[in-house]
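Following: one structure in structure tokens, then a few remarks.
Numbers here are sequence positions counted from 1. Values in this document were obtained by computation on a predicted structure and should not be read as measured data.
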Amino acid sequence: MATTRQAHTVWEGNLLEGEGVVTLDSSGIGEYPVSWPSRAEKANGKTSPEELIAAAHSSCFSMALSNGLATAGTPPTRLNTQAEVTFQPGTGITGIHLTVEGEVPGLDEAGFVKAAEDAKANCPVSQALTGTTITLTASLA
């Protein structure tokens, strides 16, 4: 069965001086301020579309990798995934780099890297973001 998740943003003012609030509607877990300076300069306690994409990508990738490893008979004890989304004003998102460190009993480094590459290629968020370059660094703890 398909699921749909919702969020909304209320924005006030122009791009450079305005600001908004992103609300995560489906989960109800919070409202997060957003502004152009938080996107193009320093975060200063506000989020950005790129940070939200990084959160979505790191969690989706972790789920896909966990499932792939378990399906292969080597379930992970722990995965620590970081996603870095690079934004260049005037150009857009120029790349995403995933870094994952895993604790996977019974699996060697080569097997872990192969599983991570498969998760990178096949997680739904990676597939949705095929318009940008996605790179990966994977290692066992």
Indicate yes or no: at least one non-hydrogen side-chain atom of [X] is less than 4.5 angstrom from one of [Y].
X	Y	value
T77	P105	yes
V85	E51	no
I93	T86	no
L52	T47	yes

Under a single-linkage definition using a 4.5 Å side-chain heavy-atom cutoff for Ile, Leu, Val, Met, Phe, Trp and Tyr, are V113 and L69 assigned to the same hydrophobic cluster?
->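 No, separate clusters.
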Set of salt bridge (Lys or Arg N to Asp or Glu O under 4.0 Å) partners for E117, sequence neighbours left out |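 E117 satisfies salt bridge (Lys or Arg N to Asp or Glu O under 4.0 Å) with K120 once adjacent residues are dropped.
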ring-ring contact (aromatic ring centres under 6.0 Å, His included) partners of residues 14-55, not counting sequence neighbours, each pair once =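 Every pair satisfying ring-ring contact (aromatic ring centres under 6.0 Å, His included) with a residue in residues 14-55: W36-F87.
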N/O donor to acceptor pairs below 3.5 angstrom from side-chain atoms of residues 12-25, sequence neighbours left out:
from	atom 1	to	atom 2	distance (Å)
N14	OD1	L16	N	3.2
N14	OD1	E17	N	2.7
E19	OE1	K46	NZ	2.9
D25	OD1	H8	ND1	2.9
D25	OD2	H8	N	3.3
D25	OD2	H8	ND1	2.9

Quick check: does any side chain N or O of S38 sit under 3.5 Å from a backbone N or O of S35, one acting as donor and the other as acceptor?
->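 Between the backbone of S35 and the side chain of S38 there is a qualifying donor-acceptor contact (under 3.5 Å).
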Shortest non-hydrogen separation from P49 to V34 and the atoms involved =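 Of all heavy-atom pairs spanning P49 and V34, the closest is CD-CG2, 4.3 Å.
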Could you state the interatomic distance from CG (D108) to OG1 (T74), rounded to the nearest 0.5 Å?
->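 Reported to 0.5 Å precision, the distance equals 9.5 Å.
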Name every donor-acceptor pair, under 3.5 Å, that has one atom in a side chain of residues 94-103 and the other anywhere in the protein, sequence neighbours excluded.
from	atom 1	to	atom 2	distance (Å)
H97	ND1	T135	OG1	2.5
H97	NE2	T99	OG1	3.4
H97	NE2	T137	OG1	2.9

What pairs with N80 under side-chain contact (heavy atoms from CB on, under 4.5 Å), at least two apart in sequence or on another chain?
->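 Here the qualifying residues are R78.
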Quiz: residues 57-66 side-chain donor-acceptor pairs under 3.5 angstrom, not counting sequence neighbours:
from	atom 1	to	atom 2	distance (Å)
H57	NE2	S126	OG	2.7
S58	OG	A54	O	3.2
S58	OG	A55	O	3.3
S59	OG	A55	O	3.0
S59	OG	A56	O	3.1
S62	OG	S58	O	2.8
S62	OG	T81	OG1	2.8

